[in-house]
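The block underneath contains the structure these notes are about, expressed in structure tokens.
Nothing here was measured: the structure is a model prediction, and the numbers come from that model.
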Amino acid sequence: MSEENKYTFENKEYRDTYRHTASHMLAQAVKRLYPEVKLAIGPAIENGFYYDFDAPFSFTQEHLDALEAEMKKISKEKLPLERFELPREEARKLMAGKDEPYKVELIDDLPADATISFYKQGEFTDLCAGPHLDSTGRVKANALKLMNVTGAYWRGDSNNKMLQRIYGTAFPKKDELDAYLKRMEEAKKRDHRKLGKELGLFTILEEGPGFPFFLPKGMILKNQLIDFWREIHRKAGYQEISTPIMLSRTLWERSGHWGHYKNNMYTTVIDDEDFAIKPMNCPGGMLVYKSQPHSYRELPMRVGELGIVHRHELSGALHGLMRVRCFTQDDAHIFMTREQIKDEIKGVCQLIDQVYSLFGFPYHIELSTMPDDHMGDEADWEMATNALKAALEEMGKDYAINEGDGAFYGPKIDFHLEDCLGRTWQCGTIQLDFQMPERFELEYTGADDQKHRPVMIHRVVFGSIERFIGILTEHYAGVFPTWLAPVQVKVMTMTDRNRDYAQVVMDRLEGLGFRCEMDDRNEKIGYKIREAQLEKVPYMLILGDKEEEAAQVAVRNHKDGKTAVMPLDEFIDKLTYEVKNRLS
């Protein structure tokens with residue numbers, strides 16, 4: 001980071017510091033206007049900040065407007081932020097004296113050797129590790145905005161009290177804020193939950209919160225993605241398997257999930273034995289490998305699975321297809337020798353690049369290292385991490401280090417794709433694992449006729465097919481590429497006289513495997529076109545007397561709204577090329 005960019009929003013550290021200061025300004029505004037409210041926590045997040053409050057009333061838009069106005073006053077007051085430290089008992093006494101029970105709890109939970117720091121701005125003091133800007137005046141009054149309020153359990157635990165979380169954002173310049181708000185308005189129009197309902201793709205019902213129901217058109221979209229997945233994996237040398245959705249506790253203990261992930265698993269008892277519905281496909285993949293002996297000649301062994309997994313998510317975290325409790329994970333596991341690690345990682349990177357490039361997604365890469373809660377020897381972790389680094393560097397891939405965010409069994413490479421609104425989504429991941437082959441005692445016979453332990457890669461490309469559909473829906477605003485679109489062609493009659501010709505056209509298209517619908521209602525053609533536009537069908541074929549007499553079709557393209565008349569065969573050639581090459 002150059003010195004000139006150190007104090008700009010290009011520097012994430014400065015950006016987070018700026019927005020963290022804004023969160024303290026929000027808390028100060030709340031205490032000024034509503035002193036009875038208790039403070040919880042207020043961090044910076046990717047696109048802004050939030051602060052959690054325990055209030056005896058529900059925050060409304062009127063409250064947010066008043067708080068935003070007060071924050072602007074605080075900005076103009078240019079209050080210096082002053083950091084100071086206190087011993088534990090004095091810190092506790094300070095927060096207890098201010099009647100801030102959540103702050104007292106945080107102090108009590110700090111390690112014995114922790115430094116307990118506070119930040120003071122004017123009359124307001126908050127427990128905080130920092131860092132902050134030196135003055136509230138640094139946060140521009142005309143470039144901050146309070147966005148909305150939601151519920152949030154204290155410390156993310158559903159057993160705790162539900163607090164109110166106020167979200168906001170802040171930028172150095174008003175035009176940057178305006179551009180962001182414009183993107184957010186566009187995002188609302190593209191909301192996959194809204195479009196999913198309008199386009200008949202999926203629904204989530206009261207009987208299954210977090211468990212999506214895919215409707216016929218949504219299943220077409222899902223199956224097209226699955227067909228594409230199978231095609232590219234077959235070409236890349238993967239074999240497909242399917243493992244049971246429920247397996248015994250002994251397996252999950254062996255894999256480490258029972259000890260590290262049990263709170264996110266759905267469990268039951270069968271014949272007095274504990275079972276769990278799988279939250280991941282990996283342990284089943286271990287059993288498949290272990291079911292027969294293997295030679296070094298078979299390695300690398302690439303095994304893919306489109307497995308349905310279940311994870312218990314808090315109800316407040318559920319969000320359409322983006323955060324669900326049941327989803328299809330496009331998993332694959334690669335069993336290999338240590339000498340094959342770099343080449344296999346490169347192969348997965350190329351596969352992921354192929355997929356994201358098809359949809360027009362740029363992406364960036366993060367390498368996540370060993371977390372505190374990990375399995376296995378640190379020497380193995382270091383070897384695995386270095387192998388991932390070496391593969392990325394040999395490919396010339398730029399990457400950022402995400403310290404301590406690896407899986408509990410190994411370091412990982414995460415791929416964060418960027419959609420047309422500039423939002424990022426973490427989808428693809430590559431996890432290098434020395435631990436599970438050890439725990440499951442996996443073996444292969446080497447060229448020396450001795451038994452050896454394979455290394456394995458866990459990897460996904462879509463991540464969750466359901467979530468990827470949500471991302472695509474918003475990225476394309478529901479206007480899917482023709483190869484993905486649930487309905488590719490809408491055949492429309494100008495008059496009742498044209499029904500027979502329309503049926504001939506339909507039969508020809510459907511016979512070639514294209515997905516078509518006919519609109520032969522006794523309605524004006526303008527009305528039919530408007531409905532098809534709302535349904536976001538890529539092509540409309542408008543058939544009247546002239547088209548029938550000339551054995552032609554009038555083709556209206558959804559994207560540009562232009563209509564061109566051509567022979568049916570010419571349209572079929574165009575459609576065939578577009579679908580075969582999966583053009584966007």
Side-chain angles (χ1 to χ4, degrees), residues 189-190 192 194-203 213-225 227-228 469 472-473 476-584:
K189 297 175 188 175
R190 293 168 177 257
H192 74 285
K194 171 177 172 286
L195 290 172
K197 182 178 181 180
E198 293 172 357
L199 301 178
L201 302 179
F202 73 94
T203 187
F213 288 69
F214 273 86
L215 306 178
K217 288 182 177 178
M219 276 307 299
I220 291 172
L221 179 59
K222 185 175 182 179
N223 284 333
Q224 288 300 310
L225 288 172
D227 289 346
F228 171 57
I469 288 172
L472 288 178
T473 302
Y476 291 121
V479 186
F480 298 106
T482 306
W483 70 274
L484 268 182
V487 178
Q488 296 168 318
V489 182
K490 179 84 80 168
V491 178
M492 305 176 181
T493 55
M494 294 280 284
T495 70
D496 290 348
R497 295 188 301 275
N498 310 122
R499 283 178 176 170
D500 289 344
Y501 179 54
Q503 191 60 56
V504 170
V505 171
M506 279 282 292
D507 291 345
R508 180 83 185 281
L509 292 170
E510 289 185 327
L512 292 169
F514 297 115
R515 300 184 291 276
C516 310
E517 287 183 351
M518 186 190 295
D519 187 347
D520 59 356
R521 295 174 298 167
N522 187 21
E523 297 283 358
K524 291 182 179 180
I525 194 65
Y527 178 79
K528 295 180 182 181
I529 290 172
R530 284 193 297 275
E531 281 207 339
Q533 281 288 118
L534 291 174
E535 293 168 7
K536 306 184 188 301
V537 179
Y539 290 105
M540 305 168 217
L541 299 187
I542 303 165
L543 307 180
D545 294 337
K546 289 181 180 179
E547 287 75 25
E548 185 171 352
E549 290 169 8
Q552 294 183 322
V553 290
V555 183
R556 182 182 173 92
N557 188 322
H558 179 279
K559 287 185 178 178
D560 59 20
K562 294 180 180 178
T563 302
V565 178
M566 64 186 71
L568 178 58
D569 284 346
E570 184 179 334
F571 173 68
I572 288 174
D573 288 344
K574 170 182 170 62
L575 193 61
T576 300
Y577 180 80
E578 194 171 325
V579 172
K580 181 180 179 181
N581 293 282
R582 294 191 172 98
L583 301 182
S584 293

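The heavy-atom pair separating L195 from G478 by the smallest distance is CD1-N, 3.8 Å. Across S584 and P481, no two heavy atoms sit closer than the pair CA-CB, 4.0 Å. Closest non-hydrogen pair, H558 versus V537, comes out as CB-O, 3.2 Å. Closest heavy-atom contact between F480 and P486: CD1-CD, 4.2 Å. The shortest non-hydrogen separation linking A532 to M492 is CB-CE, 3.3 Å. Shortest non-hydrogen contact noted between L199 and E535 is CD2-O, 3.6 Å.
Residues L484 and L225 are in side-chain contact: their nearest non-hydrogen atoms beyond the backbone lie under 4.5 Å apart. Contact check for M494 versus D545: no side-chain heavy atoms found under the 4.5 Å cut-off. Using a 4.5 Å cut-off on side-chain heavy atoms (C-beta onward), T576 and L512 make no contact. Contact annotation: the side chain of K217 approaches that of V487 to within less than 4.5 Å [non-hydrogen atoms, C-beta and beyond]. Side-chain atoms of L201 and L215, non-hydrogen and from C-beta on, never get closer than 4.5 Å to each other. Two residues are said to be in side-chain contact when any heavy atoms from C-beta on lie closer than 4.5 Å; Q552 and L568 fail this criterion. Using a 4.5 Å heavy-atom threshold, the side chains of V553 and M566 count as touching.
Salt bridge absent: E523 and R530 never bring a charged side-chain N and a carboxylate O closer than 4.0 Å. The pair D519-K490 does not meet the salt-bridge criterion, since no charged nitrogen lies less than 4.0 angstrom from a carboxylate oxygen.
No more than 12 heavy atoms of other residues, nucleotides or ligands lie within 6.0 Å of NZ in K197, so this atom counts as exposed by the packing criterion. D227 CG: more than 12 foreign heavy atoms inside a 6.0 Å radius.
One distance of note links CD of E549 with CG of N498; it measures 9.5 Å at 0.5 Å rounding. Distance check: E517 CD to E510 CD gives 9.5 Å after rounding to the nearest 0.5 Å. In this structure, CD1 in I529 is found 6.5 Å from OG1 in T563, a value given to the nearest 0.5 Å. Taken to the nearest 0.5 Å, the CD1 atom of I525 stands 9.5 Å off from the CE atom of M540. Interatomic distance, Q503 CD to M506 CE, rounded to the nearest 0.5 Å: 6.0 Å. Summarising the geometry, atom CG belonging to L509 is positioned 6.5 Å from atom CG belonging to L541; distances are rounded to the nearest 0.5 Å.
Between the side chain of Q224 and the main chain of L221, no donor-acceptor pair closer than 3.5 Å is present. Judged by distance alone, the side chain of K528 and the main-chain N or O of T493 form a donor-acceptor pair under 3.5 Å. Side chain of R499 to backbone of D520: a donor-acceptor contact under 3.5 angstrom is found.
Relative orientation of the F214 and F202 rings is tilted, given thresholds of 30° and 60° on the angle between their planes.
Applying the salt bridge (Lys or Arg N to Asp or Glu O under 4.0 Å) test to pairs two or more places apart or on separate chains, those with a residue in residues 552-573 are R508-D569. Counting only residues at least two apart or on different chains, the side-chain hydrogen bond (donor to acceptor under 3.5 Å, both in side chains) pairs with a member in residues 476-489 are T482-E578.
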Under the side chain to side chain contact (heavy atoms under 4.5 Å, CB included) rule, what do R515 and I220 come out as? Steps first, then yes or no, please. CA-CA 10 Å; R515 300 184 291 276; I220 291 172; 3.4 Å; yes

